[in-house]
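For reference, the structure is listed below as structure tokens.
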Amino acid sequence: MGTMHIDGHEIPFQENDNILKAALAANIEIPYFCYHAALGSLGACRLCAVEIAPEDPNKKPRVVMSCLEPAKDGINVSVSAAAARQVRQTVIEFLMVNHPHDCPVCDEGGECRLQDMTVACGPPYRRYRGRKRTFTNQYLGPLVHHEMNRCITCYRCTRFYQDYALGDDLGAMRLRNEVYFGRFQEGPLTSPFAGNVIEVCPTGVFTDAVFRQHFARVWDLETAPSICPHCSVGCNTLPGARDGTLRRVCNRFHPEINRWFICDRGRYGHQYSEHPDRPLTAQVSGVKVSYREALAAAAEQIKAARDRTGGLGSTREDLESNAILQTLLNKLSGRFATFSDPQLETATTAAVAALQSSGGAPSLSEIEQADAALVVGDLTTHAPMMDLALRQAYRTGAKLAILHSGPSLLTRFAATTLTVAPHEIGAHLLHLNEQAATASTTSNKHENEKKLADIATYLTTAQRPILIGVSETMAAPEITALAQLANALGSRARLAYALPGANAYGTALLTPTNSTTAMLEAIESGQIQTLIVMGNDPLGDTRLGARWREARQCLSTFIVSDCVATATAEAADILLPVAAWTERGGTFVNYEGRAQGFAPVFQRAEPLPNTAEVLADLAHCLELALPDAAAVLSNIFPGYQAPLPGTLGSSLSAFPLTMQTETPIGSAPLGHPGHWQVTLASWYGDDVLASYAPALVELAPPAAALIHPTAALKERIEDKEQVRLRGPAGTVVLSVQLNNDVAADTIALARVTLAQLGVGHGDLLELERIS
Amino acid sequence: MEAVLTRHLDAHAPLSLQAYQAAGGYHSLDAAFDHKPEEIIAIVEAANLRGRGGAGFSCGLKWRLRGADAPRPRYLVCNIDESEPGTFKDRHLLYGGPHQIIEAVIVSAYALQAEQVVIFVRGEYGKGGHGLKRAIEEAEKAGLVGSNIKGSGFNLQIKVHLSGGRYICGEETAMLNAIEGRRPNPRHKIPRPSVKGLWQHPTTINNVETLVNVPHILLNGADWFRALGINGGCGPKLFCVSGMVQHPGLFELPCGTPARELIFEHAGGLAAGRTLQGFIPGGASTAFLLPEHLDVPMDFDPVAKAGSRLGTAAIIVLDDTTCPVQATLNLMRFFARESCGFCTPCRDGLPYLAQILTAIADGEGRAEDLILMEELCNTIGPQSFCAFAPGAVMPLTSSLQCFRDHYESHIATGRCPFDAANKSGA
């Protein structure tokens, strides 16, 4: 928009840019602490002083804070002017007055902005002779370590935690040189994004408490560009490893996805790869053997079974492994499937089909620009960073509406929350479709109808409405109904789904129609005798775990490859441990259909093969000629080129699905009297891999049966009362927790409870009082 | 000069609504409603009523610059967060005559066409704040506050906000944050509060002493007001005199009255045998003046010309038994304590200065300390976020100039000469 001069360089700037922002964009370094690209200018640290030459030569030059001073056409700015340097030097001297100078024992060492700025701008000697003020630190939970004496009071932590992420339990307290950043009382931070304070803090006040348990200096860490495996968003990460073990995961900037931040599941879920129970040695019939021996045993069984072999891929396995498994099964004339639950298969494939015909899902930075949004389901727990993007939309005035059956952290920011039982979601979506089409405003409405009318108004009057569905808790007809609503709203509306798994989109592209049901029936009828399960946990499935456990008895050989000790891995005849995602390269396709490559970060002392290598080795033993991953993928996706790790990724959304997706919209069956509907009460650390991360698991809410007070009153159930829940797979005794966010006739239960009972989201359940 | 602002003040038995009305109170409402709002602003501007909170900006000009077309709702905030050391003028107005304040804010809000007034009262003035609340209730019952006041069609709500209690809340943008329930950190003043103030709406902030002049100006005219001052000053002024004088207190005198008259006539002069060493003219955040400045008229421009500020017109007197190093340290400790902690130079620089001053006062000063303090002040003052730190370093920088020999003798002898002198005298 204009040009200014900084120390003789011509620097372009955009409208509303301040000097600092424009300078940083042009790679001109101006020292700063409190400014942050995502959090904006504050003007508190006073480090970014620059000198501006006066327009009137008779006047003196001014020293200003470049973060607060608007960039103007033609101005002459100097970063190197003596007056500006003197201000920066004095500011550093002030900031170091109370700093403990504990760099040798500080975890921030090597990536400390305070250290960098002190060396760059500070005085060479200390002149202050008084005592330093000291603070008492707080216990902030298992994720974030607190060391307040190092604080330089830049307010970045609270500006991220409160202003950006809309958390409310970390703030600035007290005043003068005793400003204290912490909680009102000690205790775990409650925000799903708390770990970002570690990265926004320019010094060592907030450091990674998990990294700290097995610490390494950052300059000793091996790193490589990676992709988060914990949900379908595909945040870019930078894991760090040393001595053959993974130590931490940090954010890696991607301009359209996560930018400066990641969620706590993404930051701390990596502990699964160092879990003490992680399978590291191959097993045959429970006996530890060498990888070659296990491979030979597996090959022998498959040879015997030939076309009676089945292969189950996974939404958390990379694109390469799924495609190679599919190819292997094709060569064997066997059967290939990817999901453990047919309902999840139809919902996910329906979602991908809907995205393909809607012109593609919005990126996170596009979601931030929404001025109205409808979320179906609990977004925070299935795609935390989509939630954070919606919080940004909310901050700029977007109207958020939530349609769900249970609690969700986003309801706090919702203009309208419509809570209905799982079976009624579909009908409400259809109703909303009608409302959006007719924009009718009838009076005397039932409360829920009024809410629907409000939601319809938000969406129809918005310029950039966004609809987001959580596919794991939606049936295929509901997925389609949401897509139709997007269609009805016209081209300004965008559609997205939080999918179940880091590679759910890519896996769906390879999934044959009704493959899960066909696979189960084939096993149960004896058609399939040998099953290869790759990074999937059918035996631990919430709804179908019991059926899979029975089906497993029909198999003569059960071959499992995984990097975590799932129920399925523990039931394997032949177990082939594989490399974790940080130990191998591969490709995940995120919820947008964006294929992103990740690179191997490090090798373990005793390296494990990745899944694609296991399959290739298996094919070799079977004397089958199996092309490599690149060839397999370019065969399936013409013109496909593997996206290089560290790049922005490439779109796979143009490639059609292999399965048919005809999902008629209709109302689901209503509940039976005496039965309760089940809704999944998840939490932000809830995913298969993260359930092996001890620090996250420590924060999991205790299992309980969440029931609405009105429903409880009707059944004369009291808060904290013990009740017996009866499902197809078993019985569980839990204490009742009254919760206003649960729908009528509905019980919200944790994933582990669902698995114990053998029910899934939307299934029916019996509840008995124990008295 | 006949008392104008203090005429009906009685801290022990402030006038009831009835008694205040009988004494002529609230008459200015009729006068105000007979005028168009912009006419009142023109009269106030013509009266040259300058802000009594310390900055001395023209009240009428401030009102005019907000603009008659500012979007609604608009707010008027009346500042009674008087916390400046040595200053106790607003306290007298608050405790002595709450109805005078209410009358003033009604007339001022009418001139500004503001529908809501927030009166921000210093936390320690709780009793006065409660008295003010009761007086507002009285006025509401009498139809003087509320909707369609006296049939004028003008609606006004007045709320009293009792401060949580910090000096920084007196800074106008920190005050807005405090009213909104946020940390009382000052705000960046682009845009100005008159554009985006309280809850992002146009807001005018005035000191209470400024506002209580408005009804009198309206009733008696701009010329009358200007003629009340002397030596170039305009209107009546409340002066506080404290420190080493015989009769410290509050004096309402013409703006422009010289310090000599205030100290030696109205405040009873110094104790027998004492001589004046220096004085602070306008509250803790103004520069020291010396005996040679006694005849400077106590008005905004003359005091500024003498190198200090009229500030709150609160004179603090140092006689020849007062150690200026100790006095300056006392002030610096106050400012270091009251910093809101937002920006680095103020938060960490002022305690640094207080530490050096402590060392000097304790006889542990070093020769290089005086230059170090001057160097630090040169950054702290101009490079801080708000006006707090520039005010905080003002007494120190002037003290280093006015009383340098005392600092040097503390450093050279390793002890305070005043301690020894006071002990031997006792």
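Annotation for A:K399: atom NZ does not count as buried by contact number, only 12 or fewer foreign heavy atoms lying within 6.0 Å. With a 6.0 Å radius and a threshold of 12 heavy atoms from other residues, nucleotides or ligands, A:F184 has its CZ atom at or below the threshold. Within a 6.0 Å radius of NZ in B:K305, no more than 12 heavy atoms belonging to other residues, nucleotides or ligands are found. When the shell of 6.0 Å around NZ of A:K72 is examined, it contains 12 or fewer heavy atoms from other residues, nucleotides or ligands. For B:R192, the CZ atom sits in a loose shell: 12 or fewer heavy atoms of surrounding residues, nucleotides or ligands are nearer than 6.0 Å.
The shortest non-hydrogen separation linking A:G43 to B:C343 is O-CB, 4.4 Å. Here the closest non-hydrogen pair linking A:L175 and B:R337 is CD1-O, 4.2 Å. When all heavy atoms of B:F342 and A:A44 are compared, the pair lying nearest together is O-CB, 3.3 Å.
Contact tally against chain B (heavy-atom pairs below 4.5 Å) for A:G171, A:P70, A:C45: the top residue is A:C45. Your options are A:V64, A:V63, A:V97, and the one with the most heavy-atom pairs under 4.5 Å with chain B is A:V63. Residue with the most contacts toward chain B among A:L42, A:N98, A:L47, A:V179: A:L42 (heavy-atom pairs, distance under 4.5 Å). Note on B:E375, B:E338, B:E364: by heavy-atom pairs under 4.5 Å with chain A, the leading option is B:E375. Among the candidates B:I380, B:N378, B:D369, the residue making the largest number of heavy-atom pairs closer than 4.5 Å to chain A is B:D369.
One distance of note links CG of A:L95 with CZ of B:R347; it measures 6.0 Å at 0.5 Å rounding. Separation of atoms CG (A:L68) and CD1 (B:I190) is listed at 8.0 Å; rounding is to 0.5 Å.
Put simply, the side chain of B:Y352 does not reach to within 4.5 Å of the side chain of A:N177, judged on heavy atoms. With contacts defined as side-chain heavy-atom distances shorter than 4.5 Å, the pair B:T344/A:F33 does not qualify. No side-chain heavy atom of A:E93 sits less than 4.5 Å from a side-chain heavy atom of B:T379. Put simply, the side chain of A:R127 reaches to within 4.5 Å of the side chain of B:L376, judged on heavy atoms.
No part of A:A83 comes within reach of chain B, as not one of its non-hydrogen atoms sits under 4.5 angstrom from that chain. Residue contact with chain B, scored on non-hydrogen atoms closer than 4.5 Å, is absent for A:R133. Of the two parts of A:Y128, the backbone and the side chain both hold a non-hydrogen atom closer than 4.5 Å to a non-hydrogen atom of chain B. Interface residue A:M173: only backbone heavy atoms are found under 4.5 Å from chain B. At a 4.5 Å heavy-atom cutoff, B:T358 makes no contact with chain A through either its backbone or its side chain. For A:T153, the parts lying under 4.5 angstrom from a heavy atom of chain B are both the backbone and the side chain. With a 4.5 Å cut-off on non-hydrogen atoms, B:I168 does not touch chain A at all.
Side chain of A:R46 to main chain of B:P345: no donor-acceptor pair is present (N/O by atom type, distance under 3.5 Å, no hydrogens or angles). Formation of a donor-acceptor pair under 3.5 Å by the B:R183 side chain with backbone atoms of A:R174 is found in this model. No donor-acceptor distance shorter than 3.5 angstrom exists from the side chain of A:R176 to the backbone of B:A336, with no hydrogens or angles considered.
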Side chain to side chain contact (heavy atoms under 4.5 Å, CB included) assessment of B:Q355 paired with A:R131 | CA-CA 9 Å; B:Q355 186 275 327; A:R131 289 167 64 91; over 6 Å; no
